[in-house]
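All values below were derived from every heavy atom in this structure, side-chain atoms included, with hydrogens, water molecules and symmetry-related copies excluded. Whatever order the structure lists ligands and atoms in, that order sets their numbers, starting from 1.
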Amino acid sequence: MRRSAAPSQVQGKSFKKTRFIPPGRSNADVSKEITKMSPDPNLFQGAEQSQNDPGVCSSNPCPSEGIPREVGDGTRVDPLPPVHSASKEITESKAQEEEASSLLKYFSVVWCKASKKKHKKWEGDAILIVRGRSFTLKDLEGKDIGRGIGYKFKDLENVEEGQTLIIGGKEIEILGTISSDDFNSGKCFQHGSGSPAVPSSQAARKCFSNPFKSVCQSTQGQGNRWNDCRPRHNPCTPNALVMPRPDENHQWMFNRHCSPIVDVVIDPHLVHHLRPHQKDGIIFLYECVMGMRAVGKCGAILADEMGLGKTLQCISLIWTLQCQGPYGGKPVIKKTLIVTPGSLVNNWRKEFQKWLGSERIKIFTVDQDHKVEEFINATFHSVLIISYEMLLRSLDQIKIIPFGLLICDEGHRLKNSSIKTTAALSSLSCEKRVILTGTPVQNDLQEFFALVDFVNPGILGSLSSYRKIYEEPIIMSREPSSSKEERELGERRATELTRLTGRFILRRTQEVINKYLPPKIENVVFCRPGALQIELYRKLLRSQSVRFCLQGLLENSAHLICIGALKKLCNHPCLLFSSVKGKEFSSSCEENEERNLCQGLLSVFPAGYNPLQFSEKESGKLQVLVKLLAVIHELRPTEKVILVSNYRQTLNVLEEVCKRHGYACARLDGQTPVSQRQQIVDSFNSKYSTDFIFLLSSKAGGVGLNLIGGSHLILYDIDWNPATDIQAMSRVWRDGQKHPVHIYRLLTTGTIEEKIYQRQISKQGLSGAVVDLTRSSEHIQFSVEELKNLFTLHESSHCVTHDLLDCECTGEKGHTGELSADPITTVHSTCL
Ligand SMILES: Nc1ncnc2c1ncn2[C@@H]1O[C@H](COP(=O)(O)OP(=O)(O)OP(=O)(O)O)[C@@H](O)[C@H]1O
Ligand SMILES: [Mg+2]
């Protein structure tokens with residue numbers, strides 16, 4: 001496709017006219033000329049010749065001559081110039097051609113529509129890319145707003161700063177040259193918002209436009225005030241944790257009253273407890289929310305792995321900012337809003353109490369009996385802790401409270417900017433925003449944008465510009481078919497994105513606290529399915545639904561229903577029985593599908609089967625679990641067990657097993673009232689607790705909880721997403737744990753559970769920590785090939801995972817159990 005200049009330019013000659021003065025620009029160079037850039041006719045001729053009639057030079061190669069045309073991106077382009085056949089014009093030396101093709105320049109420009117009006121207004125900033133004989137004009141959102149090819153190399157080569165050109169129907173003024181480095185990294189598209197904490201010319205101008213005394217003057221002229229404003233804690237003691245002082249630029253921006261600079265020192269009472277990584281984390285948070293890391297941006301994402309004490313780091317920050325500040329010692333904030341999942345509201349209160357006692361700071365937690373109005377009326381509370389759900393309900397009241405700091409715990413839920421919670425929180429005027437998450441955030445570039453844009457609105461530009469400048473080149477560079485140029489551009493953009501956001505995102509891994517924690521031993525226990533399970537499994541795989549899935553005949557969620565049924569069966573056949581029975585008379589479409597799937601299954605169950613009186617022998621995993629619990633109970637009578645499942649019905653079965661064996665247990669799942677959750681956790685963690693087992697629904701209560709009362713954690717079923725399981729495991733292996741921690745993951749041999757596990761391992765291996773907690777099987781796409789693999793029962797293998805590992809061990813190393821009657825096929829800890 002070709003682009004050309006305006007109809008008036010078709011003669012291919014530049015003409016001169018008086019340059020107009022753009023608004024706000026100096027008129028010193030009024031006498032400069034406007035150059036009309038015209039495509040090189042020779043080039044069109046060659047091109048058209050080859051398109052239209054090989055060997056014959058067309059005298060009118062362009063059918064649409066004279067009529068402006070719309071091209072790909074909707075840009076209106078002008079008609080092509082008439083081309084005259086002149087063979088001598090076609091001949092351009094090879095050297096010149098090569099020279100032309102190597103030309104690549106970038107310019108920052110302003111543009112407006114070309115017109116002869118005397119007083120024009122520039123319509124916007126843009127980037128002009130000159131490549132060989134062509135140009136592209138992009139707006140600062142990265143969108144193409146003009147393109148043209150076939151220009152004279154000489155014209156394009158000589159483009160320089162200060163020049164005014166007409167190309168592609170637009171009048172542009174070249175403001176400056178952009179280095180290829182700045183273009184490739186995408187820096188040239190940033191509007192100054194993402195620049196480091198050095199005053200941009202704009203920021204500086206703003207500052208100077210409102211003159212006030214310099215920092216030097218302020219300290220000289222206010223000797224007495226300086227003496228009065230002493231740091232709250234002594235910054236000179238050997239262990240003092242002193243926050244960085246604001247630099248001159250920060251002072252220009254924020255110290256308008258020229259108050260003396262005072263050291264901000266973390267309360268020694270807290271410093272005494274802080275781990276080194278937490279001290280670094282507090283400095284990081286302080287710098288971010290004070291706007292010391294990016295001009296005009298006060299947000300941070302603390303993405304430390306689970307259990308690293310993000311809560312304590314935030315408490316230290318809040319306590320510091322509420323009592324101190326760098327300018328005259330004036331506190332930076334008055335009130336803080338903490339939004340957290342319902343199950344953690346009271347955990348936050350406890351943590352405040354643990355680290356600061358109950359006198360220093362007054363905390364208000366919102367629940368059914370304690371409404372936001374109370375917080376508004378009783379002014380002595382300075383911290384409001386509220387669940388995400390309650391926040392939505394009380395948004396109108398929350399909006400009128402002038403919070404100085406907003407903390408969103410488990411904030412990965414804000415990754416979708418269109419959900420209500422994100423919209424509600426974004427509507428708060430508070431600028432200092434912190435997201436806490438143990439789940440990494442880089443896996444999806446759009447979700448990443450939502451989180452970054454929430455804490456530092458606008459730092460990456462608009463979503464559409466972000467897509468053009470970062471997302472599209474990065475994704476394109478990862479396509480196997482990408483060119484070298486695309487790969488390089490994608491890498492540069494990715495590096496720039498990391499650099500831009502790295503200033504306010506911090507992630508440390510659990511390695512930093514390993515040395516403070518007792519050892520952790522992880523076991524994957526492969527359990528052979530029971531006879532009834534195998535028979536039902538075979539029947540399910542032969543069902544019409546599974547067959548149709550494999551032939552690609554069923555759409556939507558059909559395969560998920562099959563997967564769900566297989567997973568239930570792995571946990572216990574009675575779960576499958578109950579769900580088939582429950583759906584016998586249902587008329588919903590999905591349940592119809594499930595009924596089709598389960599047709600004929602009931603006949604496999606023994607006559608008069610009662611799911612409430614299930615037998616432990618019917619499930620391989622349950623048999624293993626019962627043995628495991630008995631051993632722990634007998635050998636480690638003082639130690640306790642967390643038993644985790646993703647399903648409430650499975651927890652019901654497990655609770656029944658506990659009853660049968662006389663094990664006292666506590667339970668927390670999605671239906672546990674939020675107000676009771678912390679109490680249940682506290683009572684289990686207490687050394688006086690008589691509970692042996694804590695039944696936990698990983699989806700409902702996994703995040704953020706401290707369950708250090710238990711030191712054995714059994715994952716009864718497996719989730720597609722390794723992060724869900726890692727979240728659950730992190731509940732016990734964290735600060736405060738006294739015993740070595742044992743993790744047991746139960747898997748049914750040869751079944752879908754092994755396949756999910758294999759997928760988990762490869763997913764972790766592939767993307768390291770880049771996983772997403774909330775992504776469930778509903779979002780997983782399966783090819784027919786993958787489904788075939790999922791819907792296969794490997795009856796002859798003792799452990800498919802072990803087979804796949806090509807492990808040379810004979811089964812003795814790290815394995816226990818016999819293959820015959822024992823339900824445990826293999827216990828791996830060393831092979832994996
Ligand atoms: N420096 C410390 N010394 C002793 N205990 C600590 C320290 N820091 C944190 N803890 C304790 O470690 C436990 C885990 O901390 P916290 O709940 O803040 O972790 P987290 O980083 O928020 O993890 P998650 O992502 O799972 O929510 C808490 O019981 C907390 O009191
Ligand atoms: Mg937490």
query = Hey, is Asp304 close enough to Lys310 for a salt bridge, meaning N to O under 4.0 Å?
reply = no

query = Can you say whether the rings of His370 and Phe364 are parallel (under 30°), tilted (30 to 60°) or perpendicular (over 60°)?
reply = perpendicular

message = Checking side-chain polar atoms at under 3.5 Å, does Tyr663 have a donor or acceptor matched by the opposite partner on His633?
response = no

inquiry  = Closer than 4.0 angstrom, basic N to acidic O: yes or no for Asp263 and Arg232?
reply    = no

inquiry  = Using a 6.0 Å cut-off, check whether atom CD of Glu351 has over 12 heavy atoms from anything other than its own residue.
reply    = yes

message = Side chains of Thr336 and Gln322 only: does a donor on one sit below 3.5 Å from an acceptor on the other?
response = yes

May I have every N or O pair linking ligand 1 to the protein at under 3.5 Å, one per line with atom names and distance?
{"unit_1": "ligand 1", "atom_1": "1 (N)", "unit_2": "His273", "atom_2": "O", "d": "2.8"}
{"unit_1": "ligand 1", "atom_1": "1 (N)", "unit_2": "Gln278", "atom_2": "OE1", "d": "2.9"}
{"unit_1": "ligand 1", "atom_1": "8 (N)", "unit_2": "Gln278", "atom_2": "NE2", "d": "2.9"}
{"unit_1": "ligand 1", "atom_1": "17 (O)", "unit_2": "Arg734", "atom_2": "NH1", "d": "3.2"}
{"unit_1": "ligand 1", "atom_1": "18 (O)", "unit_2": "Lys310", "atom_2": "N", "d": "3.4"}
{"unit_1": "ligand 1", "atom_1": "18 (O)", "unit_2": "Thr311", "atom_2": "N", "d": "3.1"}
{"unit_1": "ligand 1", "atom_1": "18 (O)", "unit_2": "Thr311", "atom_2": "OG1", "d": "2.5"}
{"unit_1": "ligand 1", "atom_1": "19 (O)", "unit_2": "Gly309", "atom_2": "N", "d": "3.4"}
{"unit_1": "ligand 1", "atom_1": "21 (O)", "unit_2": "Leu308", "atom_2": "N", "d": "3.3"}
{"unit_1": "ligand 1", "atom_1": "21 (O)", "unit_2": "Gly309", "atom_2": "N", "d": "3.1"}
{"unit_1": "ligand 1", "atom_1": "21 (O)", "unit_2": "Lys310", "atom_2": "N", "d": "3.0"}
{"unit_1": "ligand 1", "atom_1": "21 (O)", "unit_2": "Lys310", "atom_2": "NZ", "d": "3.0"}
{"unit_1": "ligand 1", "atom_1": "23 (O)", "unit_2": "Gly307", "atom_2": "N", "d": "2.8"}
{"unit_1": "ligand 1", "atom_1": "23 (O)", "unit_2": "Arg734", "atom_2": "NH2", "d": "3.3"}
{"unit_1": "ligand 1", "atom_1": "25 (O)", "unit_2": "Lys310", "atom_2": "NZ", "d": "2.8"}
{"unit_1": "ligand 1", "atom_1": "26 (O)", "unit_2": "Arg731", "atom_2": "NH1", "d": "3.2"}
{"unit_1": "ligand 1", "atom_1": "26 (O)", "unit_2": "Arg731", "atom_2": "NH2", "d": "3.0"}
{"unit_1": "ligand 1", "atom_1": "26 (O)", "unit_2": "Arg734", "atom_2": "NH2", "d": "2.4"}
{"unit_1": "ligand 1", "atom_1": "27 (O)", "unit_2": "Glu410", "atom_2": "OE2", "d": "3.3"}
{"unit_1": "ligand 1", "atom_1": "29 (O)", "unit_2": "Asn706", "atom_2": "ND2", "d": "3.4"}
{"unit_1": "ligand 1", "atom_1": "31 (O)", "unit_2": "Glu351", "atom_2": "OE1", "d": "3.1"}
{"unit_1": "ligand 1", "atom_1": "31 (O)", "unit_2": "Glu351", "atom_2": "OE2", "d": "2.8"}
{"unit_1": "ligand 1", "atom_1": "31 (O)", "unit_2": "Lys354", "atom_2": "NZ", "d": "2.6"}

